[in-house]
Q: 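Got a structure for you, written out below as structure tokens; questions coming shortly.
The basis for the numbers below is simple: all heavy atoms, side chains too, and nothing from hydrogens, waters or symmetry mates. Throughout, residue positions are numbered sequentially from 1 according to the sequence presented. Note that this is a predicted model, so its numbers are computed, not measured.
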Amino acid sequence: MIDSPVPAAPSTAPSSAPGAPSLAEPERPARLPVPAGLGRFLVLGTVFVCAACGLVYELELVALASYLMGDSVTQASVVLSVMVFAMGLGSLLAKRLRCRAAVGFGAVEAVLALVGGCSAMALYACFVWSGQSRTALVGFSLAIGVLIGAEVPLLMTLIQRVRRQDAGGAVADLFAADYVGALVGGLAFPFLLLPALGQLTGALVTGAVNAVAGGALVLWLFRRDLSARARWTLVVANVVVLALLAAAAALTPAFERAARRAVYGPDIRVAVRTGVQEIVLTGGGADGRPLSLFLDGRLRVSGRDELGYHEALVHPAMAGPHRRVLVLGGGDGLAAREVLRYGGVRSVTVVEIDAEVVRLARTDPGLTALNAHAYRDPRVRVVTADAFDWLRRADGGGGPYDPSGGPGLSRTPGPYDVVVCDLPDPGITPSTKLYSQEFYGLVERALAPGGRLAVHAGTLSARPRAYWTVEATVRSVGLRTAPYTVGRDRTPDRSPGGAAAMPRDWGFVLAGRAPVRLGLPGHGPRPRSLTPGALRAGGREAARQREPGLPASTLTHPRYTP
């Protein structure tokens, strides 16, 4: 919340001159149904609630815009800058309402509850059905900011009418309640509203709380200052707002289903919201459509071309010792599938932050067929943890290794011959710590003396700056790198962004403590790129060279069938 015009402290000296005019409307003491001290407390309590609701609206817009459009830094900058500007504008506009502060505040809160509560649903609808959400984002940020900014001058006038005090003391009380409310709203959003209600319903519930708080203050505490017409107008307005919010909340499940069908197509098989992300699976059923896995609306696995991606990520790193392999991310089991093609592999540790992804990779028929039941292999162990935090705890020691990934996990079982980073795209802001110098420093410590690291670094053709930044970051921790790219299938994939075509290539970085040569097991080195044909041949060769005595593989991918 920001500073706003503050009315001058009212004069407490009575007018003794004959015919002196009466006190102006903003300065006339309010006729309250409770003592002035309790009335002042109720006003400050309303400030607290409204501040909490206002911050929830702000965070809701940032979170939903980041989910829909990516690049959370840009979306947060747009929302915050527009909203702060609009709050200043709203403070200026509210000066005209101070003469009727109670009615003005009631009207502002009713409109704010409706606009703020429905903002998430409206923004989502704009993205899904019109493909344009930037304009809606700016519009809602502007409207909500104006209404929030109008609250402060009106509340300042009301609190002065409850009990007159010097302007400095009134400002201190008002902003103390405002800032504490913002703190509670900021903490309630990620820890209560999102996990319990989700983005859309959470915003609607916040709007209802906002409407009840604002309406109760005006219609009860300041009811004697309202005309009968104004009172009934506010009652009807608040009832309509609450009815609309309730109707929207009741329709939210149907709205979300319709929106998902519009975004992902009609063949959605799984749609689940976990504490980490939203997971959607499409295709992969009896109709023969390729499976697609979406995490938070972004395509992470496409059955059309995932094989080429995972071949390119895994096989070059396996051209050397590979007894112990660590897969960071890759809860879908597809990177583990490629690792298990090699007979020399003794153990594979998969570190995945979302247990639900692993559960689907174990049980969903389409996904298990794609990963060739990799999690049935006894050499595979799963750790449910954030990769960065797990490596940091492992680096610090402090306890025995727990292959189940339970709370006692604190140390890796030893250095790894191969580390595969099958992580979200580096262009997604929440994943930036997994492409940081600190992260690669932890990975470097987990490597065996002759170990290799394979990193997915985005696409060189579409985002060369991001790609070479990742490569430079890997080099900064003392590793020697061999960057390479692999062309991808040009078959378009459906994605929430509505892109007509995917990038032309995948970009990777192969690294080790000693200089590394880019190549495949049993093949000569190639200087800059690996062809899809060479990668497929490398996978077939790895599957044929399995050492005797090891567990039989369950791999059944048709492109490796003899």
Side-chain angles (χ1 to χ4, degrees), residues 1 25-26 30-34 36 38-58 60 90 93-94 96-121 143-162 174 177-178 181-182 184-185 188 193 197 201-250:
M1 306 308 164
E25 177 69 19
R31 297 172 295 167
L32 304 178
V34 297
L38 179 57
R40 179 175 173 276
F41 175 80
L42 293 175
V43 172
L44 292 176
T46 304
V47 174
F48 171 88
V49 174
C50 292
C53 294
L55 196 63
V56 169
Y57 299 144
E58 185 176 317
E60 187 70 49
L93 295 176
R96 298 177 178 272
L97 300 176
R98 285 177 53 209
C99 60
R100 303 188 64 188
V103 175
F105 180 74
V108 165
E109 292 309 297
V111 176
L112 177 59
L114 182 62
V115 174
C118 296
S119 59
M121 184 174 286
I144 293 173
V146 167
L147 294 168
I148 291 175
E151 291 176 333
V152 178
L154 299 176
L155 286 166
M156 185 66 191
T157 302
L158 293 177
I159 201 171
Q160 285 286 53
R161 293 190 59 199
V162 170
L174 187 67
D178 188 76
V184 173
L193 292 177
L197 300 175
T201 305
L204 294 168
V205 170
T206 302
V209 171
N210 200 162
V212 169
L217 180 74
V218 173
L219 293 172
W220 179 68
L221 190 63
F222 292 95
R223 66 181 183 272
R224 295 175 182 173
D225 287 354
L226 303 177
S227 65
R229 181 179 179 181
R231 188 182 305 118
W232 281 108
T233 299
L234 289 178
V235 168
V236 171
N238 279 276
V239 169
V240 170
V241 168
L242 290 173
L244 290 174
L245 293 174

Q: side-chain contact (heavy atoms from CB on, under 4.5 Å) between Leu42 and Trp220: does it pass, once the steps are laid out?
A: CA-CA 11 Å; Leu42 293 175; Trp220 179 68; 3.4 Å; yes
Q: Please report the interatomic distance OG(Ser227) to CZ(Arg100), rounded to the nearest 0.5 Å.
A: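 Nearest 0.5 Å value for the OG-CZ distance: 6.0 Å.
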Q: With rounding to the nearest 0.5 Å, note down the distance linking CG in Leu158 to CZ in Arg98.
A: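 Rounded to the nearest 0.5 Å, the CG-CZ separation comes out at 10.5 Å.
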Q: Verify side-chain contact (heavy atoms from CB on, under 4.5 Å) between Val108 and Leu154, making sure each step is shown before the conclusion.
A: CA-CA 10 Å; Val108 165; Leu154 299 176; 4.2 Å; yes
Q: Could you walk me through whether Glu58 and Ile144 pass side-chain contact (heavy atoms from CB on, under 4.5 Å), step by step?
A: CA-CA 8 Å; Glu58 185 176 317; Ile144 293 173; over 6 Å; no
Q: Does some side-chain heavy atom of Val115 sit less than 4.5 Å from a side-chain heavy atom of Tyr57?
A: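 A side-chain contact under 4.5 Å is absent here.
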Q: Rounded to the nearest 0.5 Å, how far does CG of Leu217 lie from CG of Leu155?
A: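 Here the interatomic distance stands at 7.5 Å.
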Q: Examine distances only and state if a side-chain atom of Asn238 and a backbone atom of Leu234 form a donor-acceptor pair shorter than 3.5 Å.
A: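 Present.
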Q: Could you go through the side-chain contact (heavy atoms from CB on, under 4.5 Å) check for Asp178 and Phe48 one step at a time?
A: CA-CA 5 Å; Asp178 188 76; Phe48 171 88; over 6 Å; no
Q: Does Asp225 pair with Arg161 as a salt bridge, N-O distance under 4.0 Å?
A: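 Yes, Asp225 and Arg161 are salt-bridged.
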Q: Looking only at heavy atoms, what is the nearest atom pair of Pro153 and Ala150, with distance?
A: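 Between these two residues, the closest heavy atoms are CD-O, 3.5 Å.
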Q: Measure the shortest side-chain to side-chain distance between Val103 and Val218 over non-hydrogen atoms and say whether it is less than 4.5 angstrom.
A: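 When only atoms from C-beta onward are counted, Val218 and Val103 do not touch, as no gap falls below 4.5 Å.
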Q: What pair of heavy atoms forms the shortest contact from Leu204 to Gly117, and how long is it?
A: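 For Leu204 and Gly117, the tightest heavy-atom pair comes out as CD2-O, 3.2 Å.
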Q: Closest approach of Glu60 and Ala203, non-hydrogen atoms and distance?
A: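 Of all heavy-atom pairs spanning Glu60 and Ala203, the closest is CG-CB, 4.0 Å.
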Q: To the nearest 0.5 angstrom, please state how far the CG atom of Asn210 sits from the CD atom of Glu109.
A: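 CD of Glu109 is found 5.0 Å from CG of Asn210.
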Q: Any side-chain heavy atom of Leu242 sitting closer than 4.5 Å to one from Val212?
A: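 A side-chain contact under 4.5 Å exists here.
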Q: Short question: side chain of Arg231, backbone of Arg223 - any donor-acceptor pair under 3.5 Å?
A: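 Yes, because the side chain of Arg231 sits within donor-acceptor range (under 3.5 Å) of the backbone of Arg223.
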Q: Is it the case that atom CZ in Arg224 sees more than 12 heavy atoms from other parts of the structure closer than 6.0 Å?
A: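 Counting neighbours around CZ of Arg224, more than 12 heavy atoms of other residues, nucleotides or ligands fall under 6.0 Å, so yes.
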Q: Tell me the closest heavy-atom pair linking Gly202 and Leu197, and the distance in Å.
A: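 Closest heavy-atom pair between Gly202 and Leu197: N-CB, 3.8 Å.
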Q: OG1 of Thr201 to CG of Leu245: how many Å apart, nearest 0.5 Å?
A: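 With rounding to 0.5 Å, OG1 (Thr201) is 11.5 Å from CG (Leu245).
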Q: Got Phe222 and Leu32 here, is their nearest side-chain heavy-atom distance under 4.5 Å?
A: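 A side-chain contact exists here, since the closest heavy-atom pair is under 4.5 Å.
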Q: How long is the span from the SG atom in Cys50 to the CG atom in Leu147, to the nearest 0.5 Å?
A: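 One gets 11.5 Å once the value is rounded to the nearest 0.5 Å.
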Q: Do Phe41 and Val162 have side-chain heavy atoms sitting under 4.5 Å apart?
A: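 Phe41 vs Val162: side chains apart.
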Q: Which heavy-atom pair separates Ala113 from Val241 by the least distance, and what is that distance?
A: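 Nearest heavy atoms, Ala113 then Val241: CB-CG1, 4.1 Å.
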